[in-house]
2 protein chains.
Amino acid sequence: MSPVIPITPANATKSCAPVAAKCSLCSFNRLCLPQGLAEDDIARLDQIIARRRRVSRDETLYQTGDGFHSLYAVRFGHFKTVQVNQRGEQTIGGFHMAGDLLGMEAIGNGQHSCNAVALEDSEVCEIPFSRLQELVMQIPGLLQQFHRTMSREIQREQSVMLFLSHMRAEQRLAMFLLNLAGRYAQRGYSSTSFQLRMSREDIGGYLGLTVESVSRQLARLRQDGSIVLNNRDLRIIDRNKLEVMSSGGMAQEFAAVA
Amino acid sequence: MSPVIPITPANATKSCAPVAAKCSLCSFNRLCLPQGLAEDDIARLDQIIARRRRVSRDETLYQTGDGFHSLYAVRFGHFKTVQVNQRGEQTIGGFHMAGDLLGMEAIGNGQHSCNAVALEDSEVCEIPFSRLQELVMQIPGLLQQFHRTMSREIQREQSVMLFLSHMRAEQRLAMFLLNLAGRYAQRGYSSTSFQLRMSREDIGGYLGLTVESVSRQLARLRQDGSIVLNNRDLRIIDRNKLEVMSSGGMAQEFAAVA
DNA sequence: CGCATATTTGACCCGGGTCAATCACCGTGG
DNA sequence: CCACGGTGATTGACCCGGGTCAAATATGCG
């Protein structure tokens with residue numbers, strides 16, 4: 001029914017069948033820690049991965065206050081990271097999909113500062129951090145890739161700060177959808193047709209908007225023909241229009257001038 | 001006149017007099033990369049530091065698009081990091097003071113994604129990243145400290161996202177002032193009396209508010225006796241009241257109940 | 001002393017939050 | 001098969017915090 005292929009594990013026969021779970025065979029390895037590593041270095045990385053862990057929908061991978069021991073690479077499925085302040089208000093720090101690395105925020109003080117929750121049945125590779133630290137000291141390429149990954153997380157958050165500060169609701173939604181599309185494209189999926197794995201409320205939590213605003217903005221995007229949206233099935237009809245919106249309609253002005 | 005001691009270099013006789021510039025002698029080393037290192041490891045770190053670089057007020061340390069070669073540790077003075085989007089709107093990513101590490105956002109793709117601008121005459125230690133990478137592979141404690149530093153930056157930004165999403169102007173200001181106070185306390189300065197090194201506009205850019213809002217909120221804090229503020233000289237009078245405000249006045253409710 | 005910039009203050013307005021009702025979807029049990 | 005309850009999503013009405021525009025001050029620098 002859904003036009004989007006649910007990402008399922010390649011015939012997951014037994015949880016102890018490690019063949020399909022090796023980094024070298026993982027189709028997302030170029031987006032993950034093994035990126036750029038030689039075969040045998042990937043094999044060494046494989047060896048320190050404690051286990052593949054299933055996390056079913058709505059289950060928590062880790063939560064605020066949990067002691068930090070491991071990073072987690074998403075193998076398949078989707079996660080959100082949630083911060084809750086003392087008043088119970090939630091902010092979604094990000095949505096994470098195959099190849100993304102989770103838990104880096106916890107290295108600093110040894111405990112997690114957000115909750116990681118699966119948006120659907122998912123699987124992660126658990127990477128014990130102490131062993132990773134040993135390994136990066138032996139594999140320069142792995143060290144570099146790890147640093148790049150943390151740095152990109154810093155950059156990503158800075159760009160979130162930017163749109164939280166300055167963008168209107170419409171821009172935020174347009175940018176959000178384009179960002180998702182781009183990430184699916186990176187992973188070899190359709191960038192024009194996919195499922196939103198998160199609720200409207202989660203989208204709002206990420207974009208700094210209420211559910212109602214998200215709903216209204218999506219309605220507007222639907223009305224002006226930019227997207228087709230049934231429940232969570234999304235199809236991007238006019239990517240260009242979304243891009244114009246995401247930059248605050250400035251492209252229009254330029255176009256008018258030029 | 002100012003009640004706050006301007007942070008000046010310990011008798012900076014010549015730029016080539018390295019004695020006072022050694023990490024081991026730097027009074028902020030416990031807040032910086034050398035934290036937790038043994039004497040001789042600190043000495044090795046010292047050796048890879050290319051130079052101390054003066055950056056005068058309003059001068060740019062690096063800017064968006066610059067190739068990434070080094071990280072910079074603030075020795076004294078203050079910096080802001082500024083992101084500019086395609087429409088020219090600015091967001092202040094953060095304010096940085098002695099012991100803070102700048103430039104980590106650029107590791108990921110090899111070029112800087114924000115501008116680092118000195119808020120006053122300042123000095124940084126330039127740390128060539130390639131040499132740092134070599135060194136962390138030899139000094140486990142340094143590797144750990146570097147990872148902690150990046151992780152804390154991720155955490156810091158997440159908490160900024162949180163207040164950009166949910167907090168009202170008053171809370172943001174209160175939280176901002178308390179945060180500054182805490183950081184000065186860490187550095188051995190007064191946490192109740194200090195100078196704001198940044199303009200109202202920069203504060204607004206950081207907090208996601210306009211200059212006018214910042215000015216009005218500061219006026220309110222002054223009126224209700226929480227602070228005394230003359231130009232940029234700040235004195236925190238009622239820290240408790242600020243804390244109540246920063247948590248959205250919830251503490252009041254609790255107090256009323258208890 | 002005088003200009004440029006920073007800050008403050010006032011008046012007005014609007015985007016999006018809030019509150020509330022309705023609708024759609026879905027799994028459950030009779 | 002359908003009634004039903006629960007959750008998620010949509011839509012409408014209203015309101016307010018803070019943005020915008022404008023003007024008055026203050027400040028600091030040359």
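In the text below, chain A, chain B and the rest are named by the order of the sequence lines, each starting its count at 1.
Considering only side-chain N and O atoms, B:R172 lies nowhere under 4.0 angstrom from the phosphate OP1 or OP2 of D:dG18.
Separating the CG atom of A:D233 from the P atom of C:dA24 is a distance of 18 Å, rounded to the nearest angstrom. Between the CD atom of B:E201 and the P atom of D:dT27 there is a distance of 19 Å, given to the nearest Å. Between A:M167 atom CE and C:dG15 atom P the separation is 17 Å, expressed in whole Å. Nucleotide D:dG18 holds its C1' atom 13 Å from the CG atom of B:L207, rounded to whole Å. Nucleotide D:dG19 holds its C1' atom 12 Å from the NE2 atom of A:H166, rounded to whole Å. D:dT7 atom C1' lies 14 Å from atom CG of A:D202, rounded to whole Å. Computed from coordinates, the B:E170 CD to D:dG17 C1' distance equals 12 Å when rounded to whole Å. If you measure from atom CG of B:D58 to atom P of D:dC29, you get 11 Å, rounded to the nearest angstrom.
Here the side chain of A:S226 pairs no donor or acceptor atom with the backbone of A:R222 at under 3.5 angstrom.
Aromatic ring orientation, B:Y189 versus B:F28: tilted (interplanar angle from 30° to 60°). Taking the six-membered ring where tryptophan is involved, the planes of A:F163 and A:Y206 are perpendicular, since the angle between them exceeds 60° and thus also 30°.
Within residues 209-220 of chain B, the residues that place at least one heavy atom under 4.0 Å from DNA chain C are, in residue-number order, B:E212, B:S215, B:R216, B:A219.
Tested against A:D100, the residues A:R152, A:R183, A:K80, A:R75 include a single salt bridge (Lys or Arg N to Asp or Glu O under 4.0 Å) partner, A:R183.
For residues 155-173 of chain A, the pairs satisfying salt bridge (charged side-chain N to carboxylate O under 4.0 Å, His left out) are A:E153-A:R156, A:E170-A:R220, with sequence neighbours left out.
If you check every strand for non-hydrogen atoms under 4.0 Å, A:R232 touches sugar and phosphate atoms only. A:G204 comes within 4.0 angstrom of no nucleic acid atom, judged by non-hydrogen atoms across all strands.
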Derivation of the side chain to side chain contact (heavy atoms under 4.5 Å, CB included) call for B:C114 and B:V82: CA-CA 5 Å; B:C114 60; B:V82 186; 5.9 Å; no

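Applying the salt bridge (Lys or Arg N to Asp or Glu O under 4.0 Å) rule to A:E201 yields no partners; only residues at least two apart in sequence or on another chain are considered.
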